[in-house]
Protein chains: 2
Amino acid sequence: MADVARTAGVSVGTVSHVLNHPDRVREATRLRVLGAIDQLGFVRNSNASFLAAGENRTIGLIVIDIGNSLFVDIARGAQHRVGHETMSLLLANSDNDDALQDRHLDFFNSARLAGVLLAPMRDPHLALDRARRLGTAVVVLNYRSQHDDHCSVLIDNEEAGYLAGRHLIELGRRRLAFVGGRDELQPVHDRRTGVRRAVAESPGTTLVELATENLEAPDGDQAGEQIADQPAATRPDGVIAVTDLLGMAIIQAIGRHGLSVPGDVAVMGCDYNSNAWGGTIPLTSVRMRGQDMGRAGVDLLLEELSAGDDHEHRDVVLRPSLVARESTVGRSGT
Amino acid sequence: MADVARTAGVSVGTVSHVLNHPDRVREATRLRVLGAIDQLGFVRNSNASFLAAGENRTIGLIVIDIGNSLFVDIARGAQHRVGHETMSLLLANSDNDDALQDRHLDFFNSARLAGVLLAPMRDPHLALDRARRLGTAVVVLNYRSQHDDHCSVLIDNEEAGYLAGRHLIELGRRRLAFVGGRDELQPVHDRRTGVRRAVAESPGTTLVELATENLEAPDGDQAGEQIADQPAATRPDGVIAVTDLLGMAIIQAIGRHGLSVPGDVAVMGCDYNSNAWGGTIPLTSVRMRGQDMGRAGVDLLLEELSAGDDHEHRDVVLRPSLVARESTVGRSGT
DNA sequence: GGTGGATGTTGAAGCGCTTCAAAGGCGCAC
DNA sequence: GTGCGCCTTTGAAGCGCTTCAACATCCACC
């Protein structure tokens, strides 16, 4: 920067002003400085800049698993929203690893970012305390926490389950099955609750819950076998899988038994993963609106940053929406 | 940091030593300082740290599209490799946007990162010049550049095409078809070349090339129709789609026409995307080894960083491997 | 008891920038 | 001609840390 100043024949203060407050500098000087910057290939050192200015224009996003399309969507949405500001978005992938998540958070903390969007794996209460003490705003994504000392963006998973249940019931299905395991995961638990509510509301419908060990394809396969093995009279005619992957595996297992989807059994998933596009029978699912989530997260963060001390934490709850396709409504669509 | 020093009753220099050269500090002092750090919740400001030390322990990774499983794998591999060092990995998603890619690169440049892994969309020659002048090492991923002033990690796409061709020929297929468009994309071009070589090597085999406009599902659907419409005598009996998505769409289209896969037509993809898992007929594909790519990239970068001036740029070329599944070999497997 | 070397600790200089008080330059009104 | 206020520019202080030369301490050994 001193070089630039010398080349342009001004002081370093002026160079800094050209970069940060161009309006305070005379047009001619500004151009001269810009010329020198260009000529010398100068790139301002943001470490020094942030240190001196005491404020950082960067937002960090920590996601649980970058292989999960929900988080990809969140990243896209956040990037998009940030793009219009003079800010940057940094991505960090926890890769389902608690320790790694904490390391990312520490790293962002020590970089004194303006704010962090965190999609945590467990209640991040303690970690957040630390960030806040350093003046970093944190917005929690996709996690319903016990504490209300931060803003959150949530998806109403209970509603997702409810929508799924209603959908099948409205299609005339009466013997529903919910397939999903690991109830300690919030989304699984909430979706299950929603399905129960839909069934409870509709006299004449029944619900069977099949608990799987995990949420991988083999679990769905197994569940599908179980369903297909039952006599037609008691066999579920509408199946809600807690994830799309599970749903697709169920369809395959059922298909192997000569049953038709959705003729004999309507099957639907949840999450609207891109995986679901490839199947022979397009899977009905509930779209989780990840992009909106990313956008809303950035908005909350910017709001918190500009509000200062009189900021009131709040939650934004996004409503999922149902995407009906062949696996429940057949070829015709809608 | 001054607070910590005061609390622990030492000088700031000592606190710094505890953090950076613990061996130079007496055990008792170290513990006292650590205690103070803990008590005060001190987190060192990495901006100041990097500025003073003049070196940054962070690596940036810029990928074209975080929704593409190849890049997800690259990120995982890189993260994994970096994880064991006292380094951090920052992710930036270009989202298929040239301007965004440049902005990410500028950002990393101004942060004076130790190094950058770049999966570029076009020849990044100019951008790299700038980074290098600032002392940032750059390794290019997944792009065969005209220039040799940097290290690269490449996947041999020509080999991928060749492997695919050989696979079908060895299965007894004689009338091959290659489906893929946008030949200006390096991977598409190279895979096509590889398939041609495999066919040229095998007397008695023929190759039809179907150019699609894009690489989306509808393109595959159209190509599948074209293939299925031909009389059995001239119809291709082995199809290589340049991507998995294309391959799955082709299978569906062919299936609609009552032809069997792989009985009448063997179909395979390329890329080994997770999308391929969901299909009713598991797709044979060529695995692109993204994780290895990420790992190799980090290794090259570390090598370059430690070698200093006498570093010789070099390329690492990864060999893809074929994953045979039902869409070519039928139920039995292998 | 004195000496030398190893081991610990200190404090100030400096990393590259921003910012602020202060000074310089200029035009305008009186 | 003088004084005032505005627009520009300057230069030094300081952001929070690392590092290095210098200094303090300790111990072994003669």
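On a predicted model such as this, the values are computed, not experimentally measured, just so you know.
Toward the 5' end of DNA chain D, the nearer of the two residues His17(B) and Ala48(B), judged by each one's closest nucleotide, is Ala48(B). Nearest-nucleotide mapping onto DNA chain C: of Ala53(B) and Val25(B), the residue sitting toward the 5' end is Val25(B).
Distance CG (Asn20(A)) to P (dT9(D)): 15 Å, rounded to an integer number of Å. Atom pair Leu51(B):CG and dA13(C):P shows a separation of 17 Å (rounding to whole Å applied). Following rounding to the nearest Å, Leu134(B) (CG) and dG16(C) (C1') show an atom-to-atom distance of 13 Å. Per the geometry, CZ belonging to Arg6(A) stands 13 Å off P belonging to dG11(D), to the nearest Å. Rounded to an integer number of Å, the gap from Met1(B) CE to dG16(D) P is 12 Å. Spacing between atom CZ of Arg30(B) and atom P of dG8(C) amounts to 12 Å, rounded to whole angstrom units. Note: CD (Glu55(A)) to C1' (dG16(D)) measures 17 Å, nearest angstrom. For the pair Phe50(A) CZ and dC15(C) C1', the computed distance is 17 Å after rounding to whole Å.
One finds a side-chain N or O of Arg44(B) lying less than 4.0 angstrom from the OP1 or OP2 phosphate oxygen of dT18(D). Under 4.0 angstrom from either OP1 or OP2 of dC17(D) there lies no side-chain N or O belonging to Ser16(B). Between Arg24(B) and dT7(C), a side-chain N or O to OP1/OP2 separation shorter than 4.0 Å is absent. Residue Arg26(A) has a polar side-chain atom (N or O) positioned under 4.0 Å from OP1 or OP2 of dT9(D). His21(A) has a side-chain polar atom (N or O) that falls below the 4.0 Å cut-off from OP1 or OP2 of dT19(C). Asn45(B) has no side-chain polar atom (N or O) that falls below the 4.0 Å cut-off from OP1 or OP2 of dC17(D).
Between Asp190(B) and Arg144(B) there is a salt bridge, since at least one side-chain N of the basic residue sits less than 4.0 Å from a carboxylate O of the acidic one. No salt bridge links Asp106(A) with Arg103(A); every basic N to acidic carboxylate O contact stays at or beyond 4.0 Å.
Evaluated for a side chain to side chain contact (heavy atoms under 4.5 Å, CB included) with Val4(B), the options Asp38(B), Leu40(B), Val10(B) yield exactly one hit, Leu40(B).
In this structure, Asn47(B) reaches neither bases nor backbone, as no heavy-atom distance under 4.0 Å exists between it and the strands shown. Note on Ser49(B): only backbone sugar-phosphate atoms sit closer than 4.0 angstrom, heavy atoms only; bases stay farther off. Among the heavy atoms of the strands, none lies under 4.0 Å from Val15(B). Residue Thr29(A) is in sugar-phosphate contact alone, with no base atom involved, counting any heavy-atom pair closer than 4.0 Å across all strands shown. Gly13(A) comes within contact range of at least one nucleobase, with a heavy-atom separation under 4.0 Å.
Counted by atom type alone, Arg44(A) and Asn20(A) present one or more donor-acceptor pairs between their side chains at under 3.5 Å.
Ring-centre distance between His150(B) and His313(B): not below the 6.0 Å cut-off.
Taking 4.5 Å as the limit, some side-chain heavy atom of Leu117(B) sits within range of a side-chain heavy atom of Leu301(B).
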